[in-house]
Structure formats: C-alpha cells, structure tokens
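Worksheet: the structure to be examined is printed underneath.
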Amino acid sequence: QTIHLGGLNSSSGSGSTIKLSHTGDIDTTGLYSHGLLLQTIGGGGGHYTSLNEEISTTNYRLNSNNSGDGGNINAIINGSIQTEANNTNGVVLQTLAGGGGIVDGHFAGAAGGAGNAGSINFTLNGNAIVRGQNSIGLLAQSLASQGDQNPIQLTLKRGGHIQSKASGKGVVMEGGTDNQFTNNGTIRAITLARTGATYGYALQSTDGNDLILNQPGASIAGNIDLGTGINTIKNQTNSHFRSDGIVNLGPTEASVFENS
C-alpha cells in the first residue's frame, strides 16, 4: 500500500495553534507508540502507523500540489514520558507547511507544498526516557519547503532527564530559524557495557541557527551535530559535557563552543 502525505489538486488549509499543559506521567510499551505527538500541519497530512508487519512493506508518497501554514505549538509537560519499544520516540512536535507528517518507520517531515511553518515553545519539567533502539527522546520540527520557518525554543527544567540509547538520539531540532535549547537537567545518548560506553548523538539539528545553553549544574553526555547554521554552545560554570570526540558546530568559523 502507498500512504500519501500532502493534499492534491491545489488543495489548501492551515493548521491551528496547539496549546497544551499536562501534568502526569505517560508510559507506552507498543511499537511506534510515541509518548507525546503534537502536529499542526497545513496542506494536508498526519500520522500513519501499523501494529503489524505491514509497516515494513508500506510505501509513501509526498504530494506538493497544496498550500497551507503550520500553526504554533506552545506546550508544557510536568511529569515523565517513557517509551519501551524500538523506533518509538518520547516527544514529537511538528509544525509543517505544505503538507507532511509521519509514516512510522519511513518518514517524518514536510511534503513540499507552499506555506509557512509555525514556532515551537516547549518546556519539559520531568523526563523523556526512550529505552528502545533507534528512538529519539525529543524531536521538534518547524519545516517549510516553500515558505518561512519559525524558531524552535526548548527547555529542560532542573532535575529532568532526556535519555536515549546510542542508536537513538537525545534531542533533535529540524528546521526552524533562530533556535534555542536550554538544558537545566541531563541529556544522555549512551549505551553502557562491560567494555565501556558507546555514545550516540545527544543533540542534533539541521539548518537553523542554534543556541545551546548548558546551564550551571546541567550535563550533556553524547555527540553533537548542529548542522549547517551559525551555532553556539555555551557550557556554563559547573556544567558538564562529554562525548567520544564528535562535535560538529557548523561549517564556518562563525560557530563557537564557549566553555565558562
């Protein structure tokens, strides 16, 4: 079967603003049972999954003959989110223009139509723990193929944890513009074994200009790839950062790592 993301025949429609304040824990055990999924999509799309083996034979098609803006996302979570299965993310936030969404196991992003993506403002006062392989603790996307993208602002409060295995990723920001991740807690993308630690990507981003604030007392354990923007990491006094040597700040000398 083929899953279509994005409307056809010049269809149009915009996503609305999402406002969420949630207190309490979220735990999932099933494949592709993402802990929290928020989507606001212009131009048509959504989320496709399957609970059987059919997902491995699923095809998808991205349709760009549509238009529509993604709305803004404003959310705060007070509590812990935990997923157990492989390929199952903790938090997924998508504001997409011109169609798009998720086909689990295959694709997550915009379909290519016209429109502007919204902004994301997300605060986690708790944990996002993904125990399965190839899973992401926190994925945030503000994506527009033919239009403007807007800032992604993420905050992990003191005492909170975002944790994945080395095969997964801690925090991923895709798109946006002037993005910021403020870490007051602990981010880990690591698998421990008797022979030592294997590090994955604790932080990964694409084409936005990213500011990473590792606040006093906070910790990052894992590699970093901040993509093609002009990026800054500020490792503050009494904060901690460790990896196995992979830190990509950006393609030019305009990107900097500041260690206080």
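- Looking at residues two or more places apart in sequence or on another chain, you find a ring pair (Phe, Tyr, Trp, His ring centres under 6.0 Å) between H47 and H34.
- Side-chain atoms of I120 and Q153, non-hydrogen and from C-beta on, never get closer than 4.5 Å to each other.
- Residues F107 and I3 share a hydrophobic cluster, clusters being chains of Ile/Leu/Val/Met/Phe/Trp/Tyr side chains in contact below 4.5 Å.
- Using modelled atom types, one finds no donor on one side chain facing an acceptor on the other under 3.5 Å when comparing N121 with N74.
- Side-chain atoms of T95 come within 3.5 Å of backbone N or O of G71 as a donor-acceptor pair.
- Both I73 and L20 are assigned to one and the same hydrophobic cluster, defined by single-linkage of ILVMFWY side chains at heavy-atom distances under 4.5 Å.
- Contact of the M173 side chain with the I212 side chain is registered, since non-hydrogen atoms from C-beta on lie closer than 4.5 Å.
- For the pair S11 (side chain) and N9 (backbone), a donor-acceptor distance under 3.5 Å is absent.
- Of the possible polar contacts, one joining the Q146 side chain to the G112 backbone as a donor-acceptor pair under 3.5 Å is found.
- Side-chain atoms of N125 never come within 3.5 Å of backbone atoms of K157 as a donor-acceptor pair (strictly under, hydrogens ignored).
- Between A110 and A97 the shortest heavy-atom distance is CB-O, 4.0 Å.
- The backbone N or O of L93 sits nowhere less than 3.5 Å from a side-chain atom of Q39 that would complete a donor-acceptor pair.
- Using a 4.5 Å heavy-atom threshold, the side chains of L36 and I77 count as touching.
- Taking both residues in full, the closest heavy atoms of L192 and A197 are given as CD2-CB, 3.7 Å, listed atom of the first, atom of the second, then distance.
- Using a 4.5 Å heavy-atom cutoff, the side chains of L156 and N184 are not in contact.
- Residues G35 and T28 approach most closely at CA-CG2, 4.2 Å, considering heavy atoms.
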For this session: Kindly indicate, with the supporting measurements, whether the criterion side-chain contact (heavy atoms from CB on, under 4.5 Å) is fulfilled by N214 and I233.
Result: CA-CA 8 Å; N214 202 31; I233 298 175; 5.6 Å; no

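- Every residue two or more places apart in sequence or in another chain was checked for a ring pair (Phe, Tyr, Trp, His ring centres under 6.0 Å) with F122, and none qualifies.
- Side chain of T40 to backbone of T17: no donor-acceptor contact under 3.5 angstrom is found.
- Rounding to the nearest 0.5 Å gives a distance of 9.5 Å between CG of D148 and CG of D69.
- For the residue pair A144 and G115, the shortest heavy atom distance occurs at CB-O, 3.4 Å.
- We find the CG-CD1 distance between L139 and I102 to be 7.0 Å, quoted to the nearest 0.5 Å.
- Side chain of N231 to backbone of L226: a donor-acceptor contact under 3.5 angstrom is found.
- A side-chain donor-acceptor contact under 3.5 Å links D104 and T49.
- Atom CG of N86 sits about 13.5 Å away from atom CZ of R131, to the nearest 0.5 Å.
- The shortest distance between side-chain heavy atoms of V103 and T58 falls below 4.5 Å.
- The six-membered or imidazole ring of Y48 lies away from that of Y60, with a centre-to-centre distance of 6.0 Å or more.
- By the 4.5 Å heavy-atom criterion applied to side chains, S67 and S12 are counted as neighbours.
- Closest of all the heavy-atom pairs between A166 and Y199 is CB-C, 3.9 Å.
- A 4.5 Å side-chain heavy-atom check between I136 and V171 finds every atom pair outside the cut-off.
- Judged by distance alone, with hydrogens and angles left aside, the side-chain atoms of T206 form a donor-acceptor pair with the main-chain N or O of G175 at under 3.5 Å.
- Atoms CD and CG, on Q94 and L37 in that order, are 6.5 Å from each other to the nearest 0.5 Å.
- Counting heavy-atom neighbours within 6.0 Å of E258 CD, excluding the residue itself, gives a total above 12.
- Of the possible polar contacts, none joining the N116 side chain to the G70 backbone as a donor-acceptor pair under 3.5 Å is found.
- Remark: side-chain polar atoms of S243 are paired, donor with acceptor, to backbone N or O of G245 under 3.5 angstrom.
- Side chains of D244 and N223: a donor on one and an acceptor on the other come within 3.5 Å.
- Note: the hydrophobic cluster containing L154 also contains V91 (ILVMFWY, side chain heavy atoms under 4.5 Å, direct or indirect links).
- Residues N87 and Q133 fail the side-chain proximity criterion, which asks for heavy atoms closer than 4.5 Å.
- Once rounded to the nearest 0.5 Å, the distance linking CG of N89 with OG of S33 reads 11.0 Å.
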Exercise. Can you list the steps and then say if Y201 with V172 is a side-chain contact (heavy atoms from CB on, under 4.5 Å)?
Worked result: CA-CA 9 Å; Y201 282 94; V172 177; over 6 Å; no

Exercise. Can you list the steps and then say if N65 with L8 is a side-chain contact (heavy atoms from CB on, under 4.5 Å)?
Worked result: CA-CA 5 Å; N65 189 15; L8 299 170; 5.5 Å; no

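- Atom-to-atom distance recorded for T88:OG1 and Q82:CD is 12.5 Å, nearest 0.5 angstrom.
- Residues N150 and S142 have side chains that never bring a donor and an acceptor to within less than 3.5 angstrom of each other.
- Put simply, I220 and L211 are part of two different groups of oily side chains (I, L, V, M, F, W, Y) that touch within less than 4.5 Å, one to the next.
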For this session: Please lay out, stage by stage, how F241 and N259 fare under the test side-chain contact (heavy atoms from CB on, under 4.5 Å).
Result: CA-CA 10 Å; F241 168 68; N259 195 37; over 6 Å; no

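- Residue L5 comes nearest to A111 through the heavy atom pair O-CB, 3.5 Å, listed as atom of the first residue, atom of the second, then distance.
- No hydrogens or angles considered: a donor-acceptor pair under 3.5 Å links the side chains of D210 and S205.
- Under the 3.5 Å distance criterion, with hydrogens and angles disregarded, no donor-acceptor pair is assigned to the side chains of T177 and Q149.
- Under a hydrophobic clustering in which Ile, Leu, Val, Met, Phe, Trp and Tyr are joined whenever their side-chain heavy atoms come within less than 4.5 Å, directly or via other members, L203 and I152 fall into the same cluster.
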